[in-house]
Asker: 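The structure under discussion is supplied below as structure tokens; questions concerning it will follow.
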Amino acid sequence: MGKYKVAFIGTGHRSARYASTYVQCKDIDIVALADPVAENRKNMCTMANIPAGFSEYDNWEDMLREHKDLNGVVIGSPNHAHTDQAVACLELGIPIALEKPIATNQKDCERIIDTQQANNGRVLVGFVLHTTPFYSKIYELIKNGSIGRIVSIQADELPGIIVSSAMSRSPWRRYQDISGGAMLEKCCHDMDALNWLIDSRPVSINSYGGSLIFKPNPELPQICDDCNLGDTCQYHQEAGRSSDGELISRESYYNDYGCIYNIEKDCADVQSLNIQYENGVIANFMLNFNCMGPRASRNFHAIGTKGRIWGNLREKKVFLYDNSSDKETCFDIYDDGSGHSGGDRVHSMILLKMMEDPQYHPEPNAFDGYISAMMCFASDQSRLENRRVNLEYAEDGYVRIV
């Protein structure tokens with residue numbers, strides 16, 4: 001067979017990560033890009049060094065109509081657009097790499113699952129932590145019984161300036177109805193990683209949080225260029241940098257999106273979760289933006305009956321402590337530089353395996369994406385209603401939040 005033909009719906013930073021891997025693969029041709037903004041397509045081509053010869057479309061539906069021989073599609077559009085695009089590809093029998101989260105509400109998540117099942121479809125969800133060496137090592141240590149039975153986990157996601165700016169200033173991330181909220185947009189990754197490592201279903205969630213950092217400040221103007229703080233404000237300095245998921249010019253950020261404190265938004269910037277699992281494990285999770293310096297990024301600490309595992313993703317080390325021997329072991333973690341601390345390249349290539357083998361069903365899959373999304377929906381319901389919520393499972397695995 002000749003080269004596998006891959007197209008992209010949405011041409012932001014995440015799509016460019018996939019494309020950067022594919023342009024180096026002799027078995028894949030990037031044949032089409034669909035994005036309503038021509039500049040986005042141009043930026044992605046530059047970032048990923050995509051060779052000439054592909055078609056460009058403002059409308060993804062036109063692309064699917066004209067390219068009937070696609071072997072795979074990467075969907076990297078804003079979250080609220082995922083459902084129609086994923087459903088259309090699955091109905092055409094095309095395997096897809098679908099960026100996380102799979103959708104912004106329960107109904108749309110279940111629509112994707114229903115379509116996948118009806119068409120024997122295959123979905124690779126963009127949970128790259130599965131292939132990130134840091135978490136792969138933790139998974140290996142847990143599975144080989146190094147700390148015995150897991151009792152509890154503490155995990156943190158502490159994003160720095162650029163990600164905090166993107167979440168609060170993005171034209172779509174800062175709105176709950178478009179992005180699904182901060183927990184879904186930023187931390188469905190982490191919810192899935194907890195489910196994967198604990199190997200059980202979440203049954204109860206209690207959550208607290210809200211907009212506790214980037215609150216309106218009447219002493220500051222609406223846009224950065226009118227502010228006398230200048231470069232003494234870190235978010236004035238960072239306003240124009242490209243962020244994970246999109247490329248926005250400095251001028252656009254300043255004039256259109258403005259002050260990180262006074263810009264219109266309705267997403268939380270601090271949120272904590274306490275999660276009970278079916279197998280008895282308890283997990284605590286903290287999301288807090290505006291974190292810089294040591295121990296920022298993702299932190300992980302698992303306590304088992306025989307020992308502990310801990311580490312910080314950015315520091316590229318995993319530590320194991322054994323209770324019986326009083327021995328601490330440090331594992332250095334390799335990062336191939338492909339993004340997400342070495343997880344992007346391996347993750348992207350799973351789509352090639354899907355195209356090569358029609359019987360191959362990937363992990364993490366759409367149902368993994370559904371469960372992690374339901375945890376995020378439940379956490380927001382708990383936070384807003386100030387109560388513990390339970391997740392009840394039907395025979396088909398679908399969830400009811402009560």
Side-chain angles (χ1 to χ4, degrees), residues 8 10-25 44 47-48 74-77 79 82 96-102 123-140 155-167 170 173 179 182-197 241-247 285 287 289 291 295-300 311-318 331-353 362-365 368-369 372-373 376:
F8 286 79
T11 55
H13 186 71
R14 288 302 304 139
S15 289
R17 289 289 193 183
Y18 285 86
S20 296
T21 299
Y22 297 157
V23 296
Q24 300 176 49
C25 177
M44 175 175 157
M47 289 178 64
V74 176
I75 298 175
S77 55
N79 302 346
H82 287 180
I96 59 175
L98 175 62
E99 257 310 299
K100 59 81 186 170
I102 64 170
V123 180
L124 169 66
V125 176
F127 291 144
V128 298
L129 298 187
H130 282 247
T131 53
T132 297
F134 177 81
Y135 286 98
S136 297
K137 186 62 182 181
I138 291 171
Y139 180 82
E140 174 194 322
D156 308 314
E157 166 66 303
L158 309 177
I161 297 172
I162 295 176
V163 174
S164 299
S165 185
M167 191 69 213
S170 161
R173 283 184 177 83
S179 70
M183 184 57 61
L184 182 73
E185 160 61 12
K186 194 72 191 78
C187 297
C188 62
H189 264 315
D190 304 89
M191 298 301 101
D192 172 70
L194 288 172
N195 298 342
W196 174 51
L197 296 170
R241 291 195 184 183
S242 61
S243 60
D244 190 25
E246 61 192 320
L247 295 170
F285 179 78
L287 166 66
F289 289 93
C291 294
R295 306 297 296 169
S297 182
R298 285 185 166 96
N299 292 302
F300 181 89
N312 173 274
L313 178 64
R314 185 182 294 168
E315 294 174 0
K316 299 182 177 62
K317 294 180 184 296
V318 170
F331 301 92
D332 291 318
I333 303 302
Y334 171 71
D335 179 349
D336 67 5
S338 65
H340 279 100
S341 299
D344 277 352
R345 184 186 60 79
V346 176
H347 175 83
S348 298
M349 292 304 291
I350 296 175
L351 181 61
L352 176 61
K353 188 171 182 179
E363 292 183 2
N365 56 38
D368 297 321
S372 75
C376 297

Asker: Between H340 and H189, is the ring centroid distance below 6.0 Å?
Answerer: yes

Asker: Can you name the salt bridge (Lys or Arg N to Asp or Glu O under 4.0 Å) partners of D368, sequence neighbours left out?
Answerer: none

Asker: Answer yes or no: is there a side-chain heavy-atom contact under 4.5 Å between I102 and V125?
Answerer: yes

Asker: If you define the side chain from C-beta out and look only at heavy atoms, does anything of W196 sit under 4.5 Å from P364?
Answerer: no

Asker: Do N365 and V123 come within less than 4.5 Å of each other through their side chains, counting heavy atoms only?
Answerer: no

Asker: Begin from the C-alpha positions of R298 and D156 and carry the test salt bridge (Lys or Arg N to Asp or Glu O under 4.0 Å) through to its verdict.
Answerer: CA-CA 5 Å; R298 285 185 166 96; D156 308 314; over 6 Å; no

Asker: Which residue in the set C376, C188, S179, S372 passes side chain to side chain contact (heavy atoms under 4.5 Å, CB included) when paired with P101?
Answerer: C188

Asker: Does a side-chain heavy-atom distance below 4.5 Å link R295 with E315?
Answerer: yes

Asker: Write down the atom of D332, the atom of K317, and the distance for their closest heavy-atom approach.
Answerer: OD1-NZ, 2.6 Å

Asker: Under the side-chain contact (heavy atoms from CB on, under 4.5 Å) rule, what do R17 and S348 come out as? Steps first, then yes or no, please.
Answerer: CA-CA 8 Å; R17 289 289 193 183; S348 298; 5.6 Å; no

Asker: Kindly compute the distance separating CG (L287) from NZ (K186), expressed to the nearest 0.5 Å.
Answerer: 8.0 Å

Asker: Looking only at non-hydrogen atoms, find the nearest pair between A19 and A48 and report the distance.
Answerer: CB-CB, 3.7 Å

Asker: Less than 4.5 Å apart, side chain to side chain, heavy atoms only: is that true for Y18 and L351?
Answerer: no

Asker: Would you please name every residue forming a salt bridge (Lys or Arg N to Asp or Glu O under 4.0 Å) with K353, sequence neighbours left out?
Answerer: none

Asker: So, for E99 and G126, which heavy atoms are closest and what is the spacing to 0.1 Å?
Answerer: OE2-CA, 3.8 Å

Asker: So which atom in G10 and which in S15 form the shortest heavy-atom distance, rounded to 0.1 Å?
Answerer: O-OG, 2.7 Å

Asker: I'd like to know if the side chain of D335 reaches the main chain of G342, judged simply by a donor and an acceptor atom lying under 3.5 Å from each other, with no hydrogens or angles considered.
Answerer: yes

Asker: Does any N or O in the side chain of S165 come within less than 3.5 Å of the main-chain N or O of I161, such that one atom is a donor and the other an acceptor?
Answerer: no

Asker: Nearest 0.5 Å please: distance from the OH atom of Y135 over to the CG atom of L313.
Answerer: 5.5 Å

Asker: Is the shortest distance from a Lys or Arg side-chain nitrogen in R14 or D344 to a carboxylate oxygen in the other one below 4.0 Å?
Answerer: yes

Asker: Are the side chains of F8 and M44 in contact, using a 4.5 Å heavy-atom criterion?
Answerer: yes

Asker: Distance from I138 atom CD1 to F331 atom CZ, nearest 0.5 Å?
Answerer: 11.0 Å

Asker: Mind telling me whether F127 and H130 have parallel, tilted or perpendicular rings, with 30° and 60° as the class edges?
Answerer: parallel

Asker: Can you see which heavy atom on R173 is nearest to which on M167, and at what distance?
Answerer: O-CE, 3.0 Å

Asker: Any heavy-atom pair between the side chains of L158 and S297 that's under 4.5 Å?
Answerer: no

Asker: Taking all atoms of both residues into account, what is the closest heavy-atom pair of E185 and N79, and its distance?
Answerer: OE1-ND2, 2.8 Å

Asker: Let me confirm one number: the OG1-NZ distance from T132 to K137, rounded to the nearest 0.5 Å.
Answerer: 15.5 Å

